[in-house]
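Heads up, the thing below is written out as structure tokens.
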Amino acid sequence: MALAEMTDREKFLFDLQGFLVVPGFLSQDELDCLNTAVDASVDRRGADGNSNIAGSKTLGGTHKRGMYSGMLSWPKPHCQPFRDLIVHTKAIPYLNTFHGRGWRLDHSPFILTSDYGTEGLVIHGSTDRRFDGAQYYTYRNGQMRCGMVVLQYQLADVFEGDGGLCVIPGSHKANFSCPQKVREWEIDKNVVYNIPCKAGDLVIFSESTLHGTIPWSSKVRERRSLLIRYSPKYLHFAGGYYDTEFPEWVDELTEAQRSVLEPPYIYNRPLIEDDGETVVRPHREG
Ligand SMILES: O=C(O)CCC(=O)C(=O)O
């Protein structure tokens, strides 16, 4: 049976740019539930421990990006909208296109927040100058394939120039190393694109596409971006789900949701059908 895949237009745009915006991905109800859960959990917000501006003179700010994590195990009902997103029927065609049959949550979803003065993050990504088995982009025999991909759900509006997620379009195919000053957003800023979005839009990008964070400059809008990252069924990039045993709350998930938390392997792997519910276990599927 043919699997649901992205449209030809979306394939063209992703292959060209290394990222794709899917406008209006979330319904108003989904967006409201996610935002209500975050609003109810403000005391869980910490500072981003991974922040790194690499000595840049332009990426600095007065404080670090805010971060929420562990949403899948937040108390009920606030865990639910996040659990519902990890296997979303509308996301399946994208994951099938990038990873083929079988994909998994690379690690725990997290939320990045910013307000006026929040610092950025140095631009990073593997590009194509050497093959990186965990973060790569290839095209062969009519198919795209990626290592880890990021599904970034915007839970609040982002206007171009506000800051937040930025990409260098086309850089997933770049053959030369990105100069440090470009990575530090000090020169050639015109090649760096701060993607404008409406709340509810989804941005998908390959970890091989050069990307980072521009300091947040809006005084009237705050950033709230939910990042859920997936890898193909055989790959694990960042550590997370789950080296030994699943925690107890995993019993509350559907079979399909549980299946994306499984460690990387191929033989007898549970695979999700396009309805987002049915799980099959073929002995081996390429
Ligand atoms: O969305 C962003 O601001 C960049 C995310 C990112 O690359 C990271 O946090 O490692």
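Order of appearance sets the numbers: ligands from 1, and atoms from 1 within every ligand. Residue indices begin at 1 and follow the sequence shown. Because the structure is predicted, anything quoted here is derived from the model rather than measured.
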Point to revise | Phe14 and Tyr137 aromatic ring geometry - parallel, tilted or perpendicular at 30°/60° bounds | key: tilted
Exercise for review: Indicate the ring-plane relationship of Trp74 and Tyr68, choosing parallel, tilted or perpendicular according to the 30° and 60° boundaries.
Suggested key: perpendicular
Check your understanding: If you measure from each heavy atom of Gly212 to ligand 1, is any distance below 4.0 Å?
Key -> yes
Exercise for review: Could you list the atoms of ligand 1 found under 4.0 angstrom from a heavy atom of Thr213?
Suggested key: 2 (C), 3 (O), 4 (C)
**Study point:** Atom indices of ligand 1, in the order listed, that fall short of 4.0 Å to a heavy atom of Arg65
**Key:** 2 (C), 3 (O), 4 (C), 5 (C), 8 (C), 9 (O)
Check your understanding: Charged N to carboxylate O below 4.0 Å: is that the case for Glu273 and Arg101?
Key -> yes
Review point. Just which atoms of ligand 1 are under 4.0 Å from any heavy atom in Leu121?
Key: 6 (C), 7 (O), 8 (C), 9 (O), 10 (O)
Practice item. Could you label the plane-to-plane angle of the Phe19 and Tyr193 rings as parallel, tilted or perpendicular, counting under 30° as parallel and over 60° as perpendicular? Key: tilted
Point to revise | Gln152 neighbourhood, listing ligand 1 atoms whose heavy-atom distance to it stays under 4.0 Å | key: 1 (O)
Review point. Of His211, Arg223, His124, Met67, which has the heavy atom at the shortest distance from atom 1 (O) of ligand 1?
Key: Arg223
Point to revise | side chain to side chain contact (heavy atoms under 4.5 Å, CB included) between Leu59 and Thr213, worked out | key: CA-CA 8 Å; Leu59 289 174; Thr213 311; over 6 Å; no
